[in-house]
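Remarks on the structure that follows.
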Amino acid sequence: MRAVVFTDYQTFPSLEEVERPQPGPGEVLLKVAGAGACHSDVAIYKDFVEGAPGAQRPAFTLGHENSGWIEEMGPGVHGFTVGDAYLVYGPVGCGHCRACSRGQDTYCENAATMPYLGIGLGRDGGMAEYVVVPARNLIPLGDADPIAAAPLSDAALTPYHAIKNSLPNLAGGGRFALVIGLGGLGQIAVQILSALTGATVIATDMKQDAMERAAASGALTVPGGDGQVAAIRALTDGRGVDAAFDFVGATPTIKTAQASMAQGGRFTVVGIAGGTTEWSFFGTPYESTITNTYWGTIEDLYEVVDMYQAGQIQPEIERYSMDDALEAYRKLESGQLSGRAVVVPHGV
Ligand code: NAD
Ligand code: ZN
């Protein structure tokens with residue numbers, strides 16, 4: 001079968017012929033419906049070097065945002081029906097520590113001893129015709145279109161988890177949320193904020209078309225450049241935003257969000273561009289918080305699927321055949337996508 005393989009650090013992935021995998025005990029073989037291209041993949045193959053935090057040793061098939069149909073069950077797997085559609089929860093922890101027991105494999109207490117972080121993150125992912133996943137990681141999609149749903153497993157799950165942790169800051173009237181970086185994750189963040197809170201959503205990106213799409217989901221948009229923080233503050237009557245989400249994570253975006261916060265506000269850095277900032281007592285609004293986050297929980301993913309089925313999350317996707325899978329990554333890297341790129345190995 002064909003697969004998009006991360007062959008070496010700082011090397012563009014290649015489309016290769018590989019063996020179709022076999023499901024082991026407790027695992028399932030999925031015929032891949034859709035595999036989303038995430039900007040974290042670009043970090044994996046372009047930025048990371050051996051030993052860097054988050055780096056996963058090559059070679060493996062990319063694709064940590066997957067959906068598919070059950071093709072075959074490994075030994076000991078029961079209760080599934082061949083042909084049913086599932087979304088894949090990507091993180092894979094030890095499965096038995098406290099974090100994994102609450103469905104939060106992202107924060108597995110035994111992560112240091114695990115040979116990989118997840119599907120498409122150190123072990124073979126879904127940018128292929130077939131993928132093997134632990135049966136525990138399957139979330140039923142019912143009759144929802146699994147191709148359109150693929151981005152839910154990262155581009156929706158990650159902002160959902162971040163927003164859920166910020167809900168106390170956004171409860172009540174007259175609240176404001178800031179979203180920086182309106183790509184795959186940021187666009188869905190705007191939709192989730194609109195569905196879960198009554199907050200006014202302020203959104204920004206360097207790309208005009210990205211801001212227009214966020215505006216269509218109900219956000220007020222503020223362009224970048226000089227005066228951006230003042231413009232954000234003006235929209236909040238000077239108070240600042242109650243919750244901020246940075247889907248870039250570069251030094252300038254972190255500083256923008258930090259300077260836009262209200263007293264008691266919560267700022268979550270989601271993007272992994274590696275930016276840094278300073279903190280000082282008088283230089284920060286009282287009782288404001290800066291935090292980070294990594295993906296989400298299995299239970300969160302069930303809730304994301306519920307929101308999708310209720311029409312509250314509608315990922316915009318661009319479909320790519322296996323032949324064009326590398327083109328999807330080229331466009332993602334150069335900022336030319338206007339929806340989440342989803343590779344569809346079995347007929348676009
Ligand atoms: P994407 O490429 O689809 O979108 C990024 C968006 O940010 C683009 O619209 C781009 O124009 C915009 N942007 C870039 N620089 C900007 C700047 N300086 N100011 C304003 N906007 C800017 O990427 P994505 O797949 O949505 O991922 C977003 C980030 O989140 C990446 O860093 C990715 O690695 C990270 N990520 C983190 C997690 C996590 O668990 N923490 C999970 C998935 C992705
Ligand atoms: Zn664990």
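Note: hydrogens, waters and symmetry copies are ignored here, and every other heavy atom, side chains too, is used. Both ligands and their constituent atoms are indexed starting at 1 by order of listing.
The local environment of CZ in R57 is sparse, with at most 12 non-hydrogen atoms from other residues, nucleotides or ligands closer than 6.0 Å. Applying the 6.0 Å contact sphere to CD of E17 captures more than 12 heavy atoms from other residues, nucleotides or ligands.
Protein heavy atom nearest atom 38 (C) of ligand 1, with residue, atom name and distance: T158 CG2, 3.8 Å. Protein heavy atom nearest atom 22 (C) of ligand 1, with residue, atom name and distance: V248 CG2, 3.5 Å. Among all non-hydrogen protein atoms, the one lying nearest atom 23 (O) of ligand 1 is H39 CB, 3.2 Å. Of all protein heavy atoms, the one lying nearest to atom 29 (C) of ligand 1 is F247 O, 3.1 Å. Protein heavy atom nearest atom 40 (O) of ligand 1, with residue, atom name and distance: W295 N, 2.7 Å. The nearest protein atom to atom 33 (C) of ligand 1, hydrogens excluded, is given as S40 OG, 3.4 Å; this is a heavy-atom distance. At the shortest separation from atom 26 (O) of ligand 1 among protein heavy atoms lies L185 N, 2.9 Å. Here the protein heavy atom with the shortest distance to atom 9 (O) of ligand 1 is D205 OD2, 2.7 Å.
Between T297 and H161, the closest side-chain pair of non-hydrogen atoms falls below 4.5 Å.
T204 and Q228 are linked by a side-chain donor-acceptor pair at a separation below 3.5 angstrom, with hydrogens and angles left out of the test. Under 3.5 Å, the side chains of Q104 and Y294 contain no donor-acceptor pair of N or O atoms. Inspection of the Q10 and Y45 side chains reveals no N or O donor paired with an N or O acceptor under 3.5 Å. A donor-acceptor pair shorter than 3.5 Å can be found between the side chains of S338 and E318.
Selection from P91, G183, S334 by nearest heavy atom to atom 5 (C) of ligand 1 gives G183.
The SG atom of C100, the Zn ion (ligand 2) and the SG atom of C108 define an angle of 110° (nearest 10 degrees).
Nearest approach of P345 to A128, heavy atoms of both residues: CG-O, 3.2 Å. Between Q56 and F6, the shortest heavy-atom contact is O-CE2, 3.3 Å.
Annotation for ligand 1: atoms under 4.0 Å from non-hydrogen atoms of I272 are 32 (O), 34 (O). Which parts of ligand 1 touch G271 is read off a 4.0 Å heavy-atom cut-off, strictly below it: atoms 29 (C), 30 (O), 32 (O), 35 (C). Taking every non-hydrogen atom of T253 and a distance limit under 4.0 Å, the qualifying atoms of ligand 1 come out as 17 (C), 18 (N), 19 (N). Which parts of ligand 1 touch T293 is read off a 4.0 Å heavy-atom cut-off, strictly below it: atoms 39 (C), 40 (O), 41 (N).
Atom NE2 of H39 sits about 10.0 Å away from atom CG of L337, to the nearest 0.5 Å.
Under 4.0 angstrom from ligand 1, the non-hydrogen atoms of K207 all belong to its side chain. Only the backbone of L182 comes within contact range of ligand 1, with a heavy atom under 4.0 Å; no side-chain atom does.
At least one heavy atom of R340 sits closer than 4.0 Å to an atom of ligand 1. Distances shorter than 4.0 angstrom do not occur between any heavy atom of A250 and any atom of ligand 1.
Any N or O atom pair closer than 3.5 Å counts here, and V270 shares at least one such pair with ligand 1. Here's the thing with A37: none of its N/O atoms is less than 3.5 angstrom from an N/O atom of ligand 1.
Between W279 and F281, the ring planes are perpendicular. Angles over 60° get that label, and only those under 30° would be called parallel.
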Under the salt bridge (Lys or Arg N to Asp or Glu O under 4.0 Å) rule, what do E71 and R20 come out as? Steps first, then yes or no, please.
CA-CA 12 Å; E71 178 79 11; R20 178 166 142 175; 3.7 Å; yes

